[in-house]
Enquirer: 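Submitted below is the structure of interest, expressed as structure tokens.
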Number of protein chains: 2
Amino acid sequence: MVYADHYINKLRKSGLRPTKQRIKICEVLFDNDQTFHFTIKELVKIIENQAKIKVSLATVYNTVHAFINKGYLKEIPIKSSVSYYDTNTAHHHHFFDENDGRLIDINHSDVGPIDIQTKIPGKKIKSIEVFVKLEDQK
Amino acid sequence: MVYADHYINKLRKSGLRPTKQRIKICEVLFDNDQTFHFTIKELVKIIENQAKIKVSLATVYNTVHAFINKGYLKEIPIKSSVSYYDTNTAHHHHFFDENDGRLIDINHSDVGPIDIQTKIPGKKIKSIEVFVKLEDQK
DNA sequence: CCCTTAGTTTATAATAATTCTAATGTATCT
DNA sequence: AGATACATTAGAATTATTATAAACTAAGGG
Ligand SMILES: [Mn+2]
Ligand SMILES: [Mn+2]
Ligand SMILES: [Zn+2]
Ligand SMILES: [Zn+2]
């Protein structure tokens, strides 16, 4: 549990004004033991449940985008119909359980070095992400 | 270059009636030396350019979905705003050049074995895909 | 403090990809 | 040829996301 002051400072340092909407979204996103993955729809629901204040849908979108730009969230393109976001911004990988559409983190350290033997002229590797699809064990 | 008869047989064997729309889409998708990636919008454009016949947008969507179900196409979730499809259905990986939004195949054999040290109880690995983001070399 | 201003929130409209509907058309089987 | 299940189509509906523009507010200077 972190006090709102912490988020106020964090927002100010990022050049974002600490509005009550943003502070509440920070609490919802970052006041957790665990990082997690979410869609905008899910985030709106969490805010509705936890918060006394109302936050408009537009502000939820705006804030998520602002936080992505600042590096506080990552977008995970796993389904093309809806955007998934991740509060874990460390370099890591994912299981994806297609049965229930759930993403599960794989620590970077739990994946061996990845050896890519193809080169693209004029380009260099910016990041490597592994997606592991799961199915029920027979 | 393959004759239409080939696709007629392929469609029939799949339980899909060989309509002139589906045959034309087969030609556009599979009559190539190289596999490729495409969006629905791009596919519609290719069809418009190559084909004498008109194919409705609904049929393009229907056919792409039918072909995915039959395993003749794969969906590549790389952007959440639009679906990318792949005529390469072999197990392989991808570079993604964020500058121009282009996908480039990486042969399965060009990626070393991937060692995942995390286990999820009751689940087993169905597939492993690697996405490598590219940036311009300094 | 009070103003000013730039940044923010918000309701609502607009956009765009995709899916649905239901009428018309056609491949296939008898 | 006739019956029928499957397929195509135009257009409407849906849904996630973005844009708009008016009202609101945090921040900084006086
Ligand atoms: Mn993640
Ligand atoms: Mn591919
Ligand atoms: Zn994650
Ligand atoms: Zn590919």
Side-chain angles (χ1 to χ4, degrees), chain A residues 4-5 7-28 37-48 51-70 72-73 75-85 101, chain B residues 4-5 7-28 37-48 51-70 72-73 75-85 101:
Chain A
D5 280 355
Y7 297 122
I8 291 176
N9 290 332
K10 179 172 174 170
L11 288 165
R12 279 224 185 83
K13 267 186 285 188
S14 311
L16 298 171
R17 290 188 180 172
T19 64
K20 60 184 188 302
Q21 291 87 346
R22 284 175 176 162
I23 294 164
K24 174 50 66 182
I25 293 174
C26 280
E27 289 173 356
V28 162
H37 309 104
F38 63 92
T39 63
I40 292 288
K41 204 195 262 186
E42 290 165 353
L43 179 55
V44 166
K45 198 158 290 179
I46 299 170
I47 294 168
E48 279 174 0
K52 297 144 278 298
I53 68 166
K54 189 198 182 259
V55 182
S56 76
L57 181 61
T59 294
V60 176
Y61 273 103
N62 288 342
T63 303
V64 166
H65 288 153
F67 287 2
I68 286 174
N69 285 334
K70 297 300 175 183
Y72 304 148
L73 291 174
E75 189 173 356
I76 309 293
I78 190 67
K79 288 210 299 187
S80 51
S81 52
V82 59
S83 288
Y84 277 73
Y85 303 96
Chain B
D5 280 353
Y7 297 122
I8 292 175
N9 291 332
K10 179 172 174 171
L11 287 165
R12 280 223 186 83
K13 268 186 285 186
S14 312
L16 298 171
R17 290 187 181 171
T19 64
K20 58 184 191 304
Q21 291 87 347
R22 284 175 175 163
I23 295 165
K24 174 49 67 183
I25 293 174
C26 280
E27 290 172 357
V28 162
H37 310 101
F38 62 93
T39 64
I40 293 288
K41 203 197 263 186
E42 290 166 352
L43 178 55
V44 166
K45 200 158 288 179
I46 299 171
I47 294 168
E48 278 173 0
K52 296 145 280 298
I53 68 166
K54 188 195 184 261
V55 182
S56 76
L57 182 61
T59 294
V60 176
Y61 273 102
N62 289 342
T63 303
V64 165
H65 289 153
F67 286 2
I68 286 173
N69 285 334
K70 297 300 175 182
Y72 305 148
L73 290 174
E75 188 172 357
I76 309 293
I78 190 68
K79 286 210 299 187
S80 51
S81 53
V82 61
S83 289
Y84 277 72
Y85 303 95

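Here the structure is a predicted model, which is why all the values come from computation and not from measurement. Below, chain A is the first sequence line, B the second, and so on; all start at residue 1.
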Enquirer: In whole Å, what is the span from the NZ atom of Lys24(B) to the P atom of dT26(C)?
Expert: 18 Å
Enquirer: Minimum heavy-atom separation for Pro18(B) and Ile23(B), please, with both atom names.
Expert: O-CD1, 3.7 Å
Enquirer: Ignoring backbone atoms, test whether Tyr61(A) places a side-chain nitrogen or oxygen under 4.0 Å from the OP1 or OP2 oxygen of dT18(D).
Expert: no
Enquirer: Which heavy atom of Ile25(B) sits nearest a heavy atom of Thr59(B), and at what distance?
Expert: CD1-O, 4.5 Å
Enquirer: Given dT10(C), is OP1 or OP2 found less than 4.0 Å from the side-chain N or O atoms of Lys54(A)?
Expert: no
Enquirer: Between P on dT19(C) and CG on Asn69(B), what's the gap in Å once rounded to a whole number?
Expert: 12 Å
Enquirer: Locate the shortest heavy-atom distance separating Lys20(A) from Ile53(A); write the atom from each residue and the value.
Expert: O-CD1, 3.6 Å
Enquirer: Contact class for Ser81(B) vs. all strands (heavy atom < 4.0 Å): base, sugar-phosphate, or nothing?
Expert: sugar-phosphate
Enquirer: Between Lys10(B) and Cys26(B), is there a side-chain heavy-atom distance shorter than 4.5 Å?
Expert: no
Enquirer: What are the residues of residues 10-23 of chain A, sorted by number, that bring a heavy atom to within less than 4.0 Å of DNA chain D?
Expert: Arg12(A), Arg17(A), Pro18(A)
Enquirer: Taking 4.0 angstrom as the limit, do Lys24(B) and Glu27(B) come out as a salt bridge?
Expert: yes
Enquirer: Can you tell me how far P of dT18(C) sits from NZ of Lys79(A), to the nearest Å?
Expert: 14 Å
Enquirer: Please report the distance, rounded to the nearest Å, between CD1 in Ile8(A) and P in dT25(D).
Expert: 16 Å
Enquirer: Between C1' on dT10(C) and CD1 on Ile25(A), what's the gap in Å once rounded to a whole number?
Expert: 13 Å
Enquirer: Would you say Ser83(A) reaches dA16(D)'s phosphate, i.e. side-chain N/O to OP1/OP2 under 4.0 Å?
Expert: no
Enquirer: Quick one: does any side-chain atom of Arg22(B) pair with a main-chain N or O of Thr63(B) as donor and acceptor, under 3.5 Å?
Expert: no
Enquirer: Between Leu57(B) and Ile40(B), does a side chain to side chain contact (heavy atoms under 4.5 Å, CB included) hold up when you go through it step by step?
Expert: CA-CA 9 Å; Leu57(B) 182 61; Ile40(B) 293 288; 4.0 Å; yes
Enquirer: In whole angstrom, give the distance that lies between atom CG of Leu57(A) and atom C1' of dT8(C).
Expert: 16 Å
Enquirer: Between dT9(D) atom C1' and Ile47(B) atom CD1, what is the distance in whole Å?
Expert: 14 Å
Enquirer: When the distance from CG of Asn62(B) to C1' of dC20(C) is rounded to whole Å, what number comes out?
Expert: 10 Å
Enquirer: Need to verify one output field. Residue with the more 5' nearest nucleotide on DNA chain C, Thr63(A) or Glu75(B)?
Expert: Thr63(A)
Enquirer: Side chain of Thr59(A), heavy atoms from C-beta onward: which of dA17(C), dT17(D), dT9(C) has the nearest atom to it?
Expert: dT9(C)
Enquirer: Of Lys41(A) and Ala58(A), whose nearest nucleotide on DNA chain D comes first from the 5' end?
Expert: Lys41(A)
Enquirer: Return no unless some side-chain N or O of His65(B) is found under 4.0 Å from OP1 or OP2 of dT18(C).
Expert: no
